[in-house]
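Chain letters run A, B, ... following the sequence lines, proteins first and then strands; every chain starts at 1.
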Protein chains: 2
Amino acid sequence: MGIERQMPGRQPRTRIQKKNTETILEAALDVFSQHGFRGSTLDQIAKAAGLSKPNLLYYFPSKVAIHRELIDGLMQTWLDPLRKMQAEGEPIEEILAYVLRKLEMAREYPRESRLFANEIVQGAPNIMDKIEGELKDLVDEKTQVIEGWISAGRIAPVDPYHLIFSIWATTQHYADFDAQIRGILHPEGDSHFEAARAHLDTLFRRMLTP
Amino acid sequence: MGIERQMPGRQPRTRIQKKNTETILEAALDVFSQHGFRGSTLDQIAKAAGLSKPNLLYYFPSKVAIHRELIDGLMQTWLDPLRKMQAEGEPIEEILAYVLRKLEMAREYPRESRLFANEIVQGAPNIMDKIEGELKDLVDEKTQVIEGWISAGRIAPVDPYHLIFSIWATTQHYADFDAQIRGILHPEGDSHFEAARAHLDTLFRRMLTP
DNA sequence: TGCAGGTTTGACCATTTGGTCAAGGGAACC
DNA sequence: GGTTCCCTTGACCAAATGGTCAAACCTGCA
């Protein structure tokens with residue numbers, strides 16, 4: 001009868017499947033983060049992956065499927081640093097650690113940052129459910145933690161939501177607006193990240209010290 | 001012989017030309033800021049402008065020409081607030097006024113902000129010359145002003161370049177990442193801008209007070 | 001009112017692009 | 001060695017898209 005699985009299911013079964021899906025996602029990250037979803041073509045991705053277009057579509061049913069899988073897979077990594085901000089720690093150091101970890105990610109994973117940026121600037125058509133679900137839940141939880149610290153007088157009063165927005169904005173800026181920053185600073189490689197690190201440390205430390 | 005201008009030149013000559021080029025640019029701003037350059041189609045713009053596609057191309061020679069004219073026209077408006085930051089004023093109030101004006105622009109002109117964001121996230125292919133020219137010059141000039149204030153002990157020491165980046169990041173975030181912010185806060189209209197205003201005022205005031 | 005130039009559009013075109021398909025090549029297991 | 005499923009691809013397709021063109025339609029002015 002009709003064979004159940006024409007195309008590879010969710011989990012790669014064979015070595016080849018594993019290798020090729022990885023190659024494709026890696027290539028897709030490159031292309032999507034550079035040109036956005038609509039600006040990217042299957043041919044570009046196929047070429048970047050060193051595969052033929054029909055071969056891409058053997059592993060993924062469509063262009064959007066590749067994009068969706070990328071985003072799904074990266075969402076966790078992206079939220080991880082915020083999850084690690086724990087009520088038990090020393091408040092200012094917990095928040096500062098979050099800031100600097102986020103900055104580190106902007107440096108190490110600029111493609112991932114731009115992938116999300118592209119998506120959100122255009123109204124987040126494909127990830128609004130995750131924003132209103134997972135992300136909102138996590139943020140709501142962590143703003144409570146921050147409120148707690150404020151009540152205890154351990155950090156200066158702030159609007160916790162807007163504090164988080166400021167952290168996102170300032171750190172991701174170094175990945176998302178990289179082209180602009182480089183156009184102004186003309187840094188050698190990532191040399192400007194050292195100053196950025198010092199700057200953001202100062203900014204948020206002054207903001208939060210009671 | 002050959003009539004010089006087949007298509008309307010730089011400056012609109014007739015009322016109809018003026019009206020239609022304006023309508024087109026307005027529609028194009030809407031579409032480009034929402035879908036990015038490659039994600040936008042001439043048909044979309046034409047429909048939004050209430051004109052036929054060939055009619056669009058009677059007023060502008062190509063899709064990129066529309067985009068270019070939009071960006072050129074908006075660049076000045078965009079840089080204006082920074083120009084207004086003067087060495088003569090009271091330093092903290094000058095900087096704070098810039099921050100709040102920028103935030104105001106994020107609220108009033110989110111489409112313009114997203115137009116630039118889309119462009120820069122994707123590597124600023126069409127405006128790198130302006131970034132390395134006009135923008136860099138202006139920023140270089142204003143960082144000098146800030147350095148002066150620091151030397152005079154009138155504001156706390158900061159890296160002036162990264163201060164400006166932080167201002168851009170935090171204010172434009174409310175326009176560029178609007179979808180995300182609304183997904184988390186579910187504000188009524190623009191009600192969250194009041195809190196944003198207070199937050200950014202606090203953030204930069206604490207940062208800059210000596 | 002006539003007419004010269006500005007304005008509008010339906011029909012059309014070439015290219016790009018997401019996606020299909022049937023047929024041919026491999027790997028692994030019996 | 002053969003069979004069975006997995007993998008790969010050249011050729012193809014329909015729709016979308018940027019752009020053209022000639023003909024028709026307006027509009028302002030002498």
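Listed for the A/Lys63 side chain is a donor-acceptor partner under 3.5 Å among the backbone atoms of A/Ser40. For the pair B/Lys142 (side chain) and B/Met85 (backbone), a donor-acceptor distance under 3.5 Å is present. Looking only at distances, a side-chain donor or acceptor of A/Arg182 sits under 3.5 Å from a matching main-chain atom of A/Gly189.
In this structure, A/Phe204 has no ring-ring contact (aromatic ring centres under 6.0 Å, His included) partners at least two apart in sequence or on a different chain.
Aromatic ring pairs are classed by plane angle as parallel below 30°, tilted from 30° to 60° and perpendicular above 60°; the pair B/His162 and B/Phe165 is perpendicular.
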Under 4.0 Å protein heavy-atom contact, by nucleotide of nucleotides 11-30 of chain C - B base, S sugar-phosphate only: B-----SBBBB---------
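Rounded to whole Å, atom P of D/dT9 lies 5 Å from atom CG of A/Asn55. For the pair B/Ile45 CD1 and D/dT17 C1', the computed distance is 12 Å after rounding to whole Å. Computed from coordinates, the B/Lys47 NZ to D/dA16 P distance equals 13 Å when rounded to whole Å.
Applying the 4.0 Å criterion to OP1 and OP2 of D/dG10, one finds that A/Ser52 has every side-chain N and O outside that range. In terms of phosphate contacts, B/Asn20 brings a side-chain nitrogen or oxygen within less than 4.0 Å of OP1 or OP2 of C/dT8. In this structure, B/Gln17 reaches the C/dT7 phosphate: one of its side-chain N or O atoms is under 4.0 Å from OP1 or OP2. When the side-chain nitrogen and oxygen atoms of B/Tyr58 are compared with OP1 and OP2 of C/dT8, none of them lie within a distance under 4.0 Å.
Screening residues 17-45 of chain A for ring pair (Phe, Tyr, Trp, His ring centres under 6.0 Å) gives A/Phe32-A/Phe37, A/Phe32-A/His67, A/Phe37-A/His67 as the qualifying pairs, with residues at least two apart or on separate chains.
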